[in-house]
Amino acid sequence: MEASLFRRPVANLLSGRAQCLLALNAASSRHESSYRRSKSRLNVKPEPSFLPSYSKTPVQQDHIIFNPPSSAPSVLHTPLKFLPKEDKRKQLLVATAQKFSSSQMRLPPPIRAKPKVPHHHLSDADIAEIVKLKQQDPDQWTNTKLARKFNCSSLFVSICLTQCGVDNAERKKEMQEKFEAVKARWGPRRRKAKEEQDRRFKLAYRGD
Amino acid sequence: MTVRGLKKVTVSQNGVGAFILQCHKLSFHYCDWAGSSRGMNSFLRNSLQRFAVANPQIEIEVSPRPRRHPVIIGHYIGGRQKAICVRNLQKEQIMQKAELLRDASGEKLKRVTKPVKSINESVRGVWSPYYGGGITV
Amino acid sequence: MLSRSLRRSILDTRIPSSALPPTFLLPSRARYFNSTPQHVESPPDSFSPSTPASSPISEAPSQLPKHTQLRLSKIPTPPTPPPNPLVLSAPLKDLLPLLAVQPSHYIRAHIHGKPYLATVGDTVRLPFHMPGVVPGDVLRLNRASLLGSRDYTLKGAPWVDERVFECRARVLGTEAEPMRSKVKTKRRNRRVKTVRSKHKYTILRVSELRVKGLEEIEG
Amino acid sequence: MRRITRLGRSIDLLRARAAAQTPSPYLCSACQLQATSFSTTSIRAARNNGKVPFTEKIRQRIWGTDKPPGLEDPYGDRSVFDRTKKRAKVEEAEEREDQLEEAKPTPDLSTYEPASTWDGLEKVGGFGNWWKENWDPDHQFRGFLPAEVIKDSDEVTAALHRAIVEVFALQQVGMPPKDISAAIPGVDLTHEVQISPTATGATLQFSQKASLEQVIQSLTPAVDDETTVKENPTESEEDVAADRSTIDPLHPSSPEVEVDETAEKGNPTESEEDVAADRSTVDPLSGSTQMTYGELVASWDPSWLQISLENPEIKFAIVKRTMQLTGLRIPDAAIMPAKTVKGLLAHLVKPPKPRKLVDALQQKEELMNIPNVSIYAKRVTPIDKHKSVGRWKVIEQRLTERGLPVTGHEGQSHAYGDYR
Amino acid sequence: MIHHSSETYYRLGKNLPSSGNFVRTSLSALSFHIIAVSPTITIPNTAVFAFQFDGCEYQPPAGDQTCLGYLACGQLLSPRTRPCCLWQQTIQSPAGGTQQSRFQSSSAAMEENLVFEDDDPSASSTSRHPSSPYASPLTEAALHSAKLAALHARLALPKKLPLQTMARTLVDPSADPNLRFNNASLAQLGGSIISFHVAEFLLCKYPRLPMAILFAASGAYNGPRTLAIIAQEWGVETAAYPGSEVDPGLLQFSKLKPGTNLGEIGMARKNTIDQGVWRRGMSSRVVLDDEFGDMIPQRRGIEVDAKPTETAYSNFVKAVVSSIYVHAGRDAAKKFVKEHILSRHLEITQLFDFKTPVQELAVLCKREEFEYPVARILSETGRLSRSPVFVVGIYSGHEKLGEGAAPSLAEARIRASVAALKAWYLYSPGNNVRVPSDMEGANPKPWEPVHIDIGEIIH
């Protein structure tokens with residue numbers, strides 16, 4: 001699976017788009033001694049589907065080819081699932097999608113973001129237990145520990161605690177202070193990296 | 001309120017909807033006395049009317065400028081100006097100059113290597129090596 | 001060929017009012033607004049709203065040598081009578097709606113044989129100074145070798161039939177590039193010759209690009 | 001010119017001798033020179049009385065004969081003006097005649113006694129009475145056109161109107177229109193005559209101020225009115241003759257003075273004055289004394305401009321009379337294309353050539369009516385620009401409350417910004 | 001779960017008496033159009049509809065549901081003659097007489113309660129400079145202004161629209177407080193017309209836009225900044241100081257003193273926060289704020305005090321639209337808005353800023369009864385390197401909803417779900433959608449109702 005994931009782009013690179021690599025080389029190489037040569041190296045062949053199409057004999061009349069681009073999908077193309085029922089284009093698009101998409105391809109592997117924890121398996125007694133432990137020794141029983149103990153998500157633990165009126169304001173505050181102290185120890189490169197990451201995430205939320 | 005709207009401003013595409021000529025004012029300066037503005041005077045006498053009727057969207061200002069060479073100054077919507085000195089020119093040449101000023105966009109002349117300029121995002125997207133090629137029908 | 005098609009575009013009146021550029025920007029009114037009398041080619045009587053003015057690609061005068069076409073273009077050619085409606089091949093018939101419903105399109109239009117890949121709202125700087133046009137004129141580009149959307153591409157052989165799409169461009173004006181001066185010298189010779197060149201270029205903006213529907217093409 | 005100088009030079013050699021030889025007392029010195037230089041008669045005459053010219057003597061000496069061969073007077077042909085050969089032929093012929101006459105017996109001169117006085121002798125030469133005719137102060141030359149040319153356009157129009165009225169008046173009474181300008185132009189009687197064009201020419205509506213008879217009478221010169229009466233005895237002419245006894249139009253009289261100053265009030269030009277110089281008792285202006293020429297022209301029905309000038313006789317007469325009245329010369333190029341009075345008038349009254357371009361532009365109505373054109377008579381100063389954007393009043397206020405001069409030169413701030 | 005599913009009541013057009021505010025129901029799209037511009041009229045606004053200049057006809061828009069229909073009645077022409085100043089005489093054409101009359105018509109209702117500033121010059125002393133006789137140029141001056149005529153031709157305005165009206169659209173209330181000479185009422189109407197057309201365009205083109213994005217988009221199309229840019233692209237310049245000697249082709253308003261803090265005038269939300277008026281949530285913005293979801297500035301002072309250039313420009317554009325509406329009819333106004341405002345370029349995909357896209361997408365899928373969205377790795381490279389690239393797609397069942405590439409799996413997942421949400425929100429029924437006002441044309445095709453979405457996602 002992983003291997004296939006690796007193979008795919010590499011295969012693309014090697015198979016169809018040699019000229020693009022060529023272009024990259026030309027762009028990166030500094031040994032072109034004249035503008036003309038670098039230009040001539042840089043003008044790559046057009047994408048093969050745009051060349052006049054030959055099926056044994058050149059096609060004599062106008063024709064439409066289906067050549068989806070090798071680029072990230074655009075958000076302006078609504079997925080078929082999102083098309084409303086009354087949309088007139090829906091059945092047309094669905095039909096063509098079935099025609100073009102190879103049917104029943106295996107789905108790529110999902111992201112294992114975090115180990116999966118069972119849902120809705122704790123009883124009220126367990127929740128009361130969680131709250132009690134927390135109130136007994138908040139420093140010893142952190143949310144993560146509780147979560148590990150009861151095999152649930154720390155989010156669930158925090159929800160339980162907040163719902164049951166345990167206020168962890170000062171806990172939050174001191175954790176924040178600790179984090180600030182850690183941040184103060186960061187060197188310039190890590191700080192830069194973190195700032196860039198924040199910026200990237202901000203852009204990610206905007207989607208551009 | 002899970003999604004927030006960002007403030008933006010639409011960009012003009014002059015000519016896609018309405019078309020606004022970029023030259024909004026032409027001022028013709030002449031001199032009554034000097035010989036270098038003879039052609040200019042004959043232009044103003046004979047050809048100016050035709051020009052003004054043909055270009056109603058240009059404000060035309062005719063004013064003397066004694067003891068100076070005749071000048072046509074084009075004022076453009078960007079706020080820029082273009083001035084052409086038309087001394088010792090015949091009225092046909094001056095008409096050509098006026099049309100040059102009318103057709104100009106007011107921008108500074110730049111050397112353009114790519115013929116097509118676009119602000120739209122690419123129709124087929126930006127190529128990236130992570131996506132497969134197309135399926136040919 | 002180009003300028004012939006220009007004439008045709010200027011005389012083109014078979015424009016649905018929805019796709020119609022604003023009346024004051026149609027060629028006639030554009031003339032009326034900003035044209036200097038030295039180039040008024042299109043006679044107003046040829047704007048009779050009845051005569052449709054697009055011609056089949058087959059009769060495009062590609063056989064004529066260019067200079068004769070240019071000379072022809074001096075006189076506005078009257079709109080040719082409507083040909084029999086275009087018959088589309090079966091694959092074209094069922095793929096064209098798919099091409100049409102995609103959100104954005106591009107065209108590879110040819111002007112004087114040179115291709116320009118453009119979408120709506122792009123500015124095209126022609127490599128020459130187009131005679132006889134004034135800012136605000138609307139030209140109809142009817143020579144396209146490619147018309148595409150994101151997933152589909154309509155390829156002409158060699159030209160896409162001009163009844164399938166509608167592409168209009170508006171003349172924005174004339175621009176020049178900064179003057180180039182080249183110093184020419186010869187060996188063992190003190191004479192220095194400086195050659196100056198400053199060319200004018202016409203600027204267009206693609207104002208409309210529309211892939212027609214099937215019923216519009218065949219009806 | 002050059003020939004004269006050469007002539008002078010060739011003359012100089014012979015001058016003393018020639019002057020000495022044949023003095024003609026009736027010629028001025030210049031004429032003497034010419035005469036002597038050109039005529040070889042004196043030489044021939046000298047040969048007659050045995051004198052041989054110098055060159056002949058030399059040749060005779062050379063050749064030793066009395067008839068030397070070759071060219072006689074070898075220097076004679078050098079001169080362009082040398083006509084000695086022809087003259088010589090003539091002289092020889094004369095000589096032969098003389099010799100024949102001498103051969104005849106001479107008449108006796110016994111009865112001849114020379115005259116002691118010039119009485120009875122015929123007078124030869126002189127200028128006749130040319131001096132008398134030309135240089136006498138009492139025969140002054142008067143040209144056909146008046147000395148002073150009328151400039152005012154309304155006045156010229158009035159003069160053309162008058163000419164037309166008079167010509168058609170002549171045509172009515174059947175007199176040939178060509179002797180329109182026989183009479184010296186007198187007072188203008190035709191101010192209130194209305195002209196209306198017809199197919200053939202025009203019809204005149206005379207007022208009681210100026211009747212047809214008075215117009216005709218003002219046109220006929222005083223000298224040959226009998227002849228005119230004789231040749232066409234219309235009753236109008238008769239009663240013209242009748243009242244001519246009572247009123248003499250050419251006789252100046254008292255009311256001219258006040259008429260003059262009204263004329264001064266109206267339109268003071270020299271022509272007006274010399275028209276006023278011979279005013280008659282019958283004063284057509286008395287009604288319309290307050291009338292300027294402008295009002296006068298306005299008072300006429302403009303249809304008179306449509307009178308056609310196809311008839312060349314009428315046209316000639318009108319043009320002649322107009323030239324006589326106004327003093328304007330009308331070239332053929334203007335006469336030929338003028339088919340109606342309007343065309344003629346268009347040539348007579350021309351708008352003055354504008355001195356500045358602004359005047360020229362403001363004469364073009366259609367240019368001034370284009371809404372997007374603004375034409376300034378003066379240079380657009382920075383102050384004008386401030387005014388057009390409304391900043392000037394603020395600047396002015398600030399300057400004044402600081403007590404500074406508003407413009408460089410005081411008190412002229414209002415002189416700026418006169419637009420259009 | 002479903003927000004405003006029954007009725008979303010929100011407002012386009014300023015939150016002022018005569019603004020068009022419409023109800024968006026799922027019954028019919030046409031219905032909201034009819035309710036759209038039926039404003040309630042207050043007295044001062046009638047001055048605009050009532051004017052007629054001598055020689056230019058007033059054409060009531062065919063079959064209009066707007067106020068104009070009944071405002072056209074009961075108007076009368078009240079000429080006011082005022083001796084003009086010397087400068088004015090000099091610029092008059094020779095045809096112009098020594099006495100100039102400034103024709104204005106006014107509804108009978110206004111006659112008694114309106115004060116002419118000519119009758120007592122002290123009335124408008126607030127804006128008028130002492131040295132200029134009137135606060136704004138005379139209407140006759142409009143006929144001789146080359147700038148104005150050129151502007152009229154440049155915008156290709158119909159011949160029915162006279163130059164006097166153009167001149168009036170250029171006079172801001174801060175220049176001439178007299179309601180019958182400034183463009184306040186014109187701008188009032190024009191703003192409603194523009195926002196109506198923009199709103200129906202946006203609602204028909206992108207029926208699923210959430211309110212925040214709808215506010216942002218309409219602000220991008222006809223917000224004051226955009227309108228100011230449009231006016232500047234028309235080549236309209238501002239007069240340095242208003243007055244009667246100013247060229248009528250210049251935009252006249254009294255400018256702010258240099259150094260004025262725009263926050264004091266501007267309709268920024270933050271200063272309301274400073275004032276303690278703490279409102280958040282779309283509903284309050286819908287109900288209480290202006291068409292762009294921004295705070296409406298409290299009326300500190302009257303209309304006549306100075307205002308930023310942006311506002312004056314935008315009022316001018318609105319006034320132009322409404323003058324076209326009044327003189328040339330509804331279709332002309334619609335065409336004008338289409339060509340000058342709707343034809344501009346906007347990257348609507350870049351207006352979004354999500355907070356919790358992953359959860360929102362999950363909620364959406366739950367609401368629409370899709371399968372739970374799962375993030376799957378489409379391809380990746382350099383997982384162990386310094387700069388890896390992960391391409392993650394969000395799948396609901398077998399269908400890919402969105403896709404995103406990023407150097408970390410979490411970010412890629414966020415990007416993918418943002419893409420999926422945008423794809424949902426930016427659904428468009430077609431390239432050339434018909435808007436309800438197309439039905440007002442001559443013999444239109446029968447109307448098929450546009451897609452009305454049940455509302456945005458909240459959780």
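A, B, ... follow the sequence lines: proteins, then strands. Residue 1 opens every chain.
Of the inter-residue distances, the one linking Ile203(C) atom CD1 with Gln22(B) atom CD reads 12.0 Å to the nearest 0.5 angstrom. For the atom pair Leu172(C) CG and Ile20(B) CD1, the distance stands at 12.0 Å (nearest 0.5 Å).
With contacts defined as side-chain heavy-atom distances shorter than 4.5 Å, the pair Phe19(B)/Val171(C) does not qualify.
For the set Lys114(C), Lys200(C), Met179(C), Arg180(C), the entry with the most heavy-atom pairs within less than 4.5 Å of chain B is Arg180(C).
Not a single donor-acceptor pair under 3.5 Å links the side chain of Arg125(C) to the backbone N or O of Pro115(B). Side-chain atoms of Asn120(B) never come within 3.5 Å of backbone atoms of Gly121(C) as a donor-acceptor pair (strictly under, hydrogens ignored). Between the side chain of Arg205(C) and the backbone N or O of Asn14(B), at least one donor-acceptor pair lies under 3.5 Å.
The heavy-atom pair separating Ser207(C) from Gly15(B) by the smallest distance is CB-O, 3.5 Å. In this structure, Glu175(C) and Ser105(B) approach most closely via the heavy-atom pair OE2-OG, 3.0 Å. Across all non-hydrogen atoms, the minimal contact from Gln13(B) to Val120(C) is NE2-O, 4.1 Å. Nearest heavy-atom pair across Val123(B) and Ser149(C) is CG1-C, 3.8 Å.
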### Task
Please lay out, stage by stage, how Val134(C) and Arg102(B) fare under the test side chain to side chain contact (heavy atoms under 4.5 Å, CB included).
CA-CA 9 Å; Val134(C) 293; Arg102(B) 177 198 66 193; 3.7 Å; yes
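When each of Leu117(C), Asp122(C), Thr123(C), Leu204(C) is checked for a side chain to side chain contact (heavy atoms under 4.5 Å, CB included) with Val116(B), only Asp122(C) meets the rule.
Using a 4.5 Å cut-off between heavy atoms, Lys110(B) contacts chain C through its backbone alone, with no side-chain atom that close. Of the atoms belonging to Thr202(C), not a single heavy atom falls under 4.5 Å from chain B. Heavy-atom distances place the side chain of Leu100(B), and not its backbone, under 4.5 Å from chain C.
Heavy atoms from other residues, nucleotides or ligands lying under 6.0 Å from CZ of Arg65(B) number more than 12. In this structure, Lys97(B) places its NZ atom where only 12 or fewer heavy-atom neighbours from other residues, nucleotides or ligands lie under 6.0 Å away. The 12-atom threshold is not exceeded at NZ of Lys117(B), counting heavy atoms of other residues, nucleotides or ligands nearer than 6.0 Å. Annotation for Arg45(B): atom CZ counts as buried by contact number, over 12 foreign heavy atoms lying within 6.0 Å.
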